[in-house]
Each structure stands twice: as structure tokens, then as C-alpha cells.
2 protein chains.
Amino acid sequence: MSQPATRDPDLTRSRILDAALALFVEQGPAAVTMREIAAASGVTKSLIHHHFGSKEALWTAVKEDAFLRYAEGQRADLEAASAPGSELLENSVLRYFRFLQQHPGVVRMFAWAHLEKDDSCGEVDAALVGLGAQRIREAQQAGLLRDDINPTHVVTIFVNTCTHWFEARAHHAHWPGIGSDEEFLEDFLKVFMAGLAPRP
Amino acid sequence: MSQPATRDPDLTRSRILDAALALFVEQGPAAVTMREIAAASGVTKSLIHHHFGSKEALWTAVKEDAFLRYAEGQRADLEAASAPGSELLENSVLRYFRFLQQHPGVVRMFAWAHLEKDDSCGEVDAALVGLGAQRIREAQQAGLLRDDINPTHVVTIFVNTCTHWFEARAHHAHWPGIGSDEEFLEDFLKVFMAGLAPRP
DNA sequence: CAGGCAATTGACCGGTCGACCAGTTAATTA
DNA sequence: TAATTAACTGGTCGACCGGTCAATTGCCTG
């Protein structure tokens, strides 16, 4: 454990956070040891305690960091996409699906947090969901989507479907006749969009 | 740890399995100790090793037992419901939603299995999904449902939505405007059924 | 009723865990 | 440059982990 050329506590902190994130996401908080994290981040175990206090506190910091980055990425995506009206929802689903496809760690992170009943992670995206729901409400008022559905539930439906698709991938692989990511996404979008079309 | 009135290895085994299931579901396999399981099941730690060999083997046995009971319950439900045609799908969704609502442990059990990439649990319900998909295919051929959607994907969509609803309950609680179990179920069914209605 | 065998026990093992602490080293400040 | 503070290290602690083992107990069979 040779000393770094120059001391940089911020860099050290982020190195620890990165290594811890990778291990926690993969094995879950209970299965990871401080020794593993120390080895993976090239730092002594004592130094982790110095910076974060305890394993519990480190896990909390890792979660906060990860969810913050997730929320920022999603918000950037959401604000960049200013396509108006009817295609906005379809694009949102597509964007969210692609995001999870490219960030499998995020899905696992949420799953660990849910299992330990950590509801703090829900606060980070409450604003995002609120914003999405608002846009859906506007589309409803413009007559582009049926208006007898709670807008928040519209968001919840596609978030649940997409998230669980990636969470249970290995499980679903055994199901007869199941298709690829692309085939499933296409089918889901067909059903979802048709289900939300304005009623005659 | 007084000896039981009469020796009954089968009862002992099932007592251990029950106690282990409760603890594993609650805390996850890595966080539970053999000593906890022993205390909860009123049995010595050595006896658990005698009957199951190791913690790993016990966890496997617990999963097999739980998923088997799950699959049996679902199959019974599915066969009992012989309502023909268009209402069959809606009833399936309702039945699945109610089942998860009444068996929160099942949701967590699947989540733990998914996180450790255990795909063996997917084998237990492959047959169920196949059966469900077959019924949907029949409804498609009878013109009761649109036929341009993969029937397995139809099952996957509602399974994902319902499962994740209960898995992420605490998380969603922070989302603005979100409704109760009943309100969400109603909205989902509206979108889902309308999305699957035959195309004009 | 004798004797074999599985169920069951409590004591014990080596190993690893998270945490702590005294000491050293480098940057910062006055 | 002297003093102060914070980053960083290696060693160590008690607790607890999963697993083993010899000994005991009760059931079943011949």
C-alpha cells in the first residue's frame, strides 16, 4: 500500500466510492467486506474508516452518490427532450429503456435499496416523476392522451415494466417464446400507446 | 433448547425451513447467520448442518421450497379460473395482483434470487407462463385480442408491472400524486386492456 | 430385548469481521 | 520556519462467523 505521490483527499474519497459502488452493486452491502473495498480502491482499511466512519455510513454515501448521478442524468435527458405533444411519451419510454439498458448497475442499486426498505432513494426522483406527470397532464388536456388515467400512474406503469424487465432478465430467459430487448420494447410500446390513445 | 417430546425429523426439517425462509426473505441470505436460524427454529446449529449440510445448501432448499409452493398456488389459481374469452386476461391480472398483495414474501424472494442471478427460479414458472401465453394466443385467434403482439410479452408486461409495484412500494410512496393499490390496479387495467383490444 | 442407526446436543475450532488506536507523514497556516 | 491540522499506515482487539466432532439420546427392527 504505497503512499500516493501527492495527497488528494477528494480523489481518495471518490476512489473509495467508486470501488465500493462496484462491489456493493455486484454483491450487496451485507456480502462485501471493508477489506475487499480497501484492496479494490488501493487504500488501507483504516483510511476508509477515517473518511466515512463506518461501513454503514459508507454504504449510505455510496447510495446517495449513485442516486444523485442517476437523477442528474435523467433530468438532463428529460429537459433535452422537448419534442412536443404525442411523441413525447413514446420518447420518454424509449429513453428510459435505453438508459437502463446501458446502466445495469442502476437497476441493481435500486433493487438492493428496495429490499432494505430504504425509501430515501424515492426522494431523488420524486421531482422527475412530478415533471413527467405534468407533461402527461398537459397532453391529456390537449386531447392527445385519454384523460381518465392518473398521470403519475402512467409514469409508474412504464417505469415498472422497463425496470423489472432488466431486473429479471435471467429469470425471463427461461420463459418460452420470450423475445429480445428490442422485440419486447416494441410490443410494450404498441400496447402502452394504444392503451393511452384518446377514447372515441 | 429442550429436546422435543418426540423425535420427528420431518417436522424438524420443516421448522428449520420455515424459520430460515422468514429470516432470508427479510434480511437476505448474506445477512442471516446460522445461529439466528437455529434460535428462531428452536433447534441447535449443529442440527441444521446435520439436515442441510451447509448454509448455502439450506438457502437453496429454502428457495426451492418457496418457489414450488408459489408455482403450485399459481397453477391452482390458473386452472380454477376457466372463464372463457375476453375476461380471462383481466381476471389473470387481477388474480396475480391480489396474490402478490397477499404474499409480500414472494416478491422479496424473487428479488433476492434475481440479484444473485439465480435463474433456476425461472424454471418453476416457465410452464405457467407458457400456459398463460397459450390462452392469450387462443383469444387472439378468436379475435378477442389484437394479434400483432407476442403472447409471452403480454404476460411479461403485466407480471412486470404488478411485481415491481409491490417491490418498490416504499420508493413510490414519495412520488407526487400516486394512488393506492386499488387505484393503480384500476388505471393499469384500463390502459392494458384498451391497449390489447382488437385493432379496427 | 438387543443392537444398530439416525436425530440431537454442546463444546470447540480456525478464520474473518468491523472497528479502533497510536504513530507517522505531508500539506497548511501564522 | 514552527506549529497545527488532517491524511494516512500497520497492528491489534474482541466478537462472531460457518463448520466439525465426539458423545448422548431415543426410535425402529430383527
Side-chain angles (χ1 to χ4, degrees), chain A residues 1-65 112-113 115-116 118, chain B residues 1-65 112-113 115-116 118:
Chain A
M1 206 71 54
S2 62
Q3 200 120 282
T6 167
R7 292 188 176 189
D8 187 341
D10 288 340
L11 180 64
T12 301
R13 258 187 79 98
S14 83
R15 260 209 269 265
I16 296 171
L17 280 174
D18 286 348
L21 174 66
L23 287 166
F24 280 142
V25 159
E26 193 55 31
Q27 312 177 31
V32 175
T33 70
M34 297 296 272
R35 284 167 174 84
E36 280 181 276
I37 300 170
S41 54
V43 147
T44 42
K45 190 164 54 75
S46 323
L47 193 51
I48 305 181
H49 276 98
H50 172 72
H51 280 292
F52 296 95
S54 70
K55 184 185 177 182
E56 181 68 23
L58 173 60
W59 168 233
T60 302
V62 166
K63 276 190 293 186
E64 273 175 14
D65 190 59
W112 290 119
L115 277 169
E116 61 179 22
D118 177 357
Chain B
M1 205 77 48
S2 62
Q3 199 118 281
T6 167
R7 292 190 176 187
D8 187 339
D10 288 340
L11 180 64
T12 301
R13 260 187 77 98
S14 83
R15 258 210 269 264
I16 296 171
L17 280 174
D18 287 349
L21 175 66
L23 287 166
F24 280 140
V25 159
E26 193 56 30
Q27 311 177 33
V32 175
T33 70
M34 297 296 273
R35 283 167 173 85
E36 280 181 275
I37 300 171
S41 53
V43 148
T44 45
K45 188 165 57 76
S46 325
L47 193 51
I48 305 181
H49 277 99
H50 172 72
H51 280 292
F52 295 95
S54 70
K55 184 186 176 180
E56 182 67 24
L58 173 60
W59 168 233
T60 302
V62 166
K63 277 191 291 186
E64 273 173 14
D65 191 59
W112 290 118
L115 278 170
E116 61 179 23
D118 177 358

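Chain identifiers are assigned alphabetically (A, B, ...) following the order of the sequence lines, protein sequences preceding nucleic acid strands; residue numbering begins at 1 within each chain.
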[X] [atom1] to [Y] [atom2] distance, which is reported to the nearest 0.5 Å:
| X | Y | atom1 | atom2 | answer |
| --- | --- | --- | --- | --- |
| A:I48 | A:S41 | CD1 | OG | 4.5 Å |
| A:I16 | A:L11 | CD1 | CG | 10.0 Å |
| B:L17 | B:T12 | CG | OG1 | 11.0 Å |

Phosphate contact ([N] OP1 or OP2) by [X] side-chain N/O below 4.0 Å:
| X | N | value |
| --- | --- | --- |
| A:H50 | D:dA7 | yes |
| B:H51 | C:dT8 | yes |
| B:T12 | C:dT8 | yes |

Quiz prompt | Contact summary for A:A40 and A:L23, nearest pair of heavy atoms | solution =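 What the structure gives for the nearest pair is CB-CD1, 4.0 Å.
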Practice problem: Give the minimum heavy-atom separation between B:A20 and B:L58, together with the two atoms involved. | Solution: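 The answer is CB-CD2, 4.1 Å.
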To the nearest Å, give me how far apart [atom1] ([X]) and [atom2] ([N]) are.
| X | N | atom1 | atom2 | value |
| --- | --- | --- | --- | --- |
| A:E56 | C:dA19 | CD | P | 9 Å |
| B:D8 | C:dA6 | CG | P | 17 Å |
| B:I48 | C:dG10 | CD1 | P | 13 Å |
| B:L47 | C:dA11 | CG | C1' | 16 Å |

Atom pairs and distances, side-chain donor-acceptor, residues 25-35 of chain B, under 3.5 Å, sequence neighbours left out:
unit_1	atom_1	unit_2	atom_2	d
B:E26	OE2	A:K117	NZ	2.5
B:Q27	NE2	B:E36	OE2	3.3
B:T33	OG1	B:E36	N	3.1

Self-check item: Among C:dT8, D:dT20, D:dC8, the nucleotide that comes nearest once only the side chain of B:S46 is considered
Solution: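 The closest nucleotide is D:dT20.
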Quiz prompt | Contacts of type side-chain hydrogen bond (donor to acceptor under 3.5 Å, both in side chains), residue B:K55, not counting sequence neighbours | solution =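 In terms of side-chain hydrogen bond (donor to acceptor under 3.5 Å, both in side chains), with neighbours along the sequence ignored, B:K55 is linked to no residue.
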Practice problem: Within residues 58-65 of chain B, find the residues that approach DNA chain D with a heavy atom at under 4.0 Å, and present them sorted by residue number. | Solution: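 Under 4.0 Å from DNA chain D: no residue of residues 58-65 of chain B.
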Exercise. Would you jot down, in residue-number order, the residues of residues 22-29 of chain A having a non-hydrogen atom under 4.0 Å from DNA chain D?
Key: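 Within this stretch, nothing sits under 4.0 Å of the strand.
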Quiz item: Is any side-chain N or O of B:R7 under 3.5 Å from a base N or O of D:dT25, one able to act as donor and the other as acceptor?
Solution: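 It does, because a donor-acceptor pair links the side chain of B:R7 to the base of D:dT25 below 3.5 Å.
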Exercise. Kindly determine whether B:D118 and B:K63 satisfy side chain to side chain contact (heavy atoms under 4.5 Å, CB included), including the steps that lead there.
Key: CA-CA 10 Å; B:D118 177 358; B:K63 277 191 291 186; 2.6 Å; yes
Quiz item: Looking at side-chain heavy atoms only, is the closest gap between B:L21 and B:D65 below 4.5 Å?
Solution: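 The answer is no, as the side chains (C-beta and beyond) never meet within the 4.5 Å cut-off.
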Practice problem: Name all pairs fulfilling the ring pair (Phe, Tyr, Trp, His ring centres under 6.0 Å) condition that reach into residues 10-52 of chain A, sequence neighbours left out, sorted by first residue then second. | Solution: A:F24-A:W59
Atom pairs, N/O to N/O, protein against nucleotides 14-18 of chain C, distance under 3.5 Å?
unit_1	atom_1	unit_2	atom_2	d
C:dG18	OP1	A:V32	O	3.4
C:dG18	OP1	A:M34	N	3.4
C:dG18	OP1	A:K55	NZ	3.2
C:dG18	OP2	A:M34	N	3.0
C:dG18	N7	A:R35	NH1	2.9
C:dG18	O6	A:R35	NH2	3.1

